[in-house]
Amino acid sequence: MPKIVTYNVNGIKARMERLLEYLAEQQPDVVCLQELKGADETLPVKDIEAAGYGAVWHGQKGFNGVAVLAKGQQPVERQRGLAGDPEDAHSRYLEAEIGDLIVASIYLPNGNPQPGPKFDYKLKWMERLADRAQALLAEERPVVLAGDYNVIPNDDDTFSVRAMATDALMQPESRERYRTLLAQGWTDSLRTRFPGGGVWTFWDYQAGAWQRDAGFRIDHLLLSPIAADRYLGAGVDKEYRGREKASDHAPTWVSLR
């Protein structure tokens, strides 16, 4: 039963101990990492290999950065970056093949402050992602689009609608583009498991958000129809958010047949 995880580590150097601990304790089959905040040549490839994982990396000095890890094998890179904007140098998309499975690690732009150029970039990026997602569906393969989408899809995906009302994560335009993506035929695996919402994947470091359980759901694993046919369950390994020097995101996962 493959366990596929998305995990925004918020700086891989700062989080290396926690990541290795997670790999050792949970033994996930595939891990999509985001926000590495390191150039390719500085990434801890040897440490990951020593933990029993092959990996492909798409780093960037100080910002962004995504990776795909696979237990006991080397993922085969298919694509890095999205078409549609030759000026876009951000390391936010990496697609790899692991056996018959296609997996993408996604770090979608935050978009704050909105309105403004950062929000415009976010919306355009989501349209480019939708174009790629449509092409992947046409391959009729099991595909998982895993990552930090920086979108709170529904009102019950946040501790407080009022607190997040002006945030780019919850604007109607962000949500509409997320729904457009789902409407292509993708299954939101965590929503399938928890249709009533109230499940968070992120808790800010500020204002005692973790202690108050003031979180929201922005880490998503979307399944193509063939992957959705193999769906067994999904969840959040919330306990890891409470550990010392943890990321502000918790590892979020889906298991497939």
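Given the structure is predicted, the values throughout are model-derived calculations rather than measurements.
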Identify whether the distance between the nearest side-chain nitrogen and carboxylate oxygen of [X] and [Y] falls below 4.0 Å.
{"X": "D157", "Y": "R191", "result": "yes"}
{"X": "E35", "Y": "R92", "result": "no"}
{"X": "R175", "Y": "D155", "result": "yes"}
{"X": "D88", "Y": "R128", "result": "yes"}
{"X": "E173", "Y": "R177", "result": "no"}
{"X": "R179", "Y": "D188", "result": "no"}
{"X": "R18", "Y": "E244", "result": "no"}

Within the 3.5 Å criterion, strictly below it, is a donor on [X] or [Y] matched to an acceptor on the partner's side chain?
{"X": "T252", "Y": "D219", "value": "no"}
{"X": "E176", "Y": "T180", "value": "yes"}
{"X": "Y240", "Y": "E21", "value": "no"}
{"X": "Q73", "Y": "Y53", "value": "no"}
{"X": "K37", "Y": "N10", "value": "yes"}
{"X": "W203", "Y": "D248", "value": "no"}

[atom1] ([X]) with more than 12 external heavy atoms under 6.0 Å:
{"X": "Q26", "atom1": "CD", "result": "yes"}
{"X": "R193", "atom1": "CZ", "result": "no"}
{"X": "K124", "atom1": "NZ", "result": "no"}
{"X": "R212", "atom1": "CZ", "result": "yes"}
{"X": "Y205", "atom1": "OH", "result": "yes"}

Worked verdict on L222 versus Y178 for side chain to side chain contact (heavy atoms under 4.5 Å, CB included): CA-CA 11 Å; L222 305 189; Y178 185 77; 3.4 Å; yes
Under 6.0 Å between ring centres: does that hold for H90 and Y107? no
Flag, side chain of [X] to backbone of [Y], donor-acceptor distance under 3.5 Å:
{"X": "S224", "Y": "V143", "value": "yes"}
{"X": "R80", "Y": "W57", "value": "yes"}
{"X": "Q60", "Y": "H58", "value": "no"}
{"X": "E140", "Y": "L137", "value": "no"}
{"X": "S174", "Y": "V151", "value": "no"}
{"X": "D204", "Y": "Q206", "value": "yes"}
{"X": "Q171", "Y": "A165", "value": "yes"}
{"X": "E41", "Y": "L43", "value": "no"}
{"X": "S255", "Y": "P2", "value": "no"}
{"X": "W200", "Y": "D213", "value": "yes"}

Show the numbers, then the answer: is there a side chain to side chain contact (heavy atoms under 4.5 Å, CB included) between L169 and I218? CA-CA 8 Å; L169 277 60; I218 54 174; 3.7 Å; yes
Given D237 and K3, is the salt bridge (charged side-chain N to carboxylate O under 4.0 Å, His left out) satisfied, shown in steps? CA-CA 12 Å; D237 288 330; K3 180 176 180 175; 3.2 Å; yes
Before you tell me yes or no, could you show the steps for D85 and W125 under side chain to side chain contact (heavy atoms under 4.5 Å, CB included), namely the whole-Å CA-CA distance, both residues' side-chain angles and the distance that decides it to 0.1 Å? CA-CA 9 Å; D85 182 359; W125 204 95; over 6 Å; no
Is there a side chain to side chain contact (heavy atoms under 4.5 Å, CB included) between L33 and L69 once you walk through the steps? CA-CA 8 Å; L33 301 177; L69 280 51; 3.9 Å; yes
T158 side chain reached by R217 side chain, heavy atoms, under 4.5 Å: no
Quick one: does Y93's side chain get under 4.5 Å of V66's, heavy atoms only? no
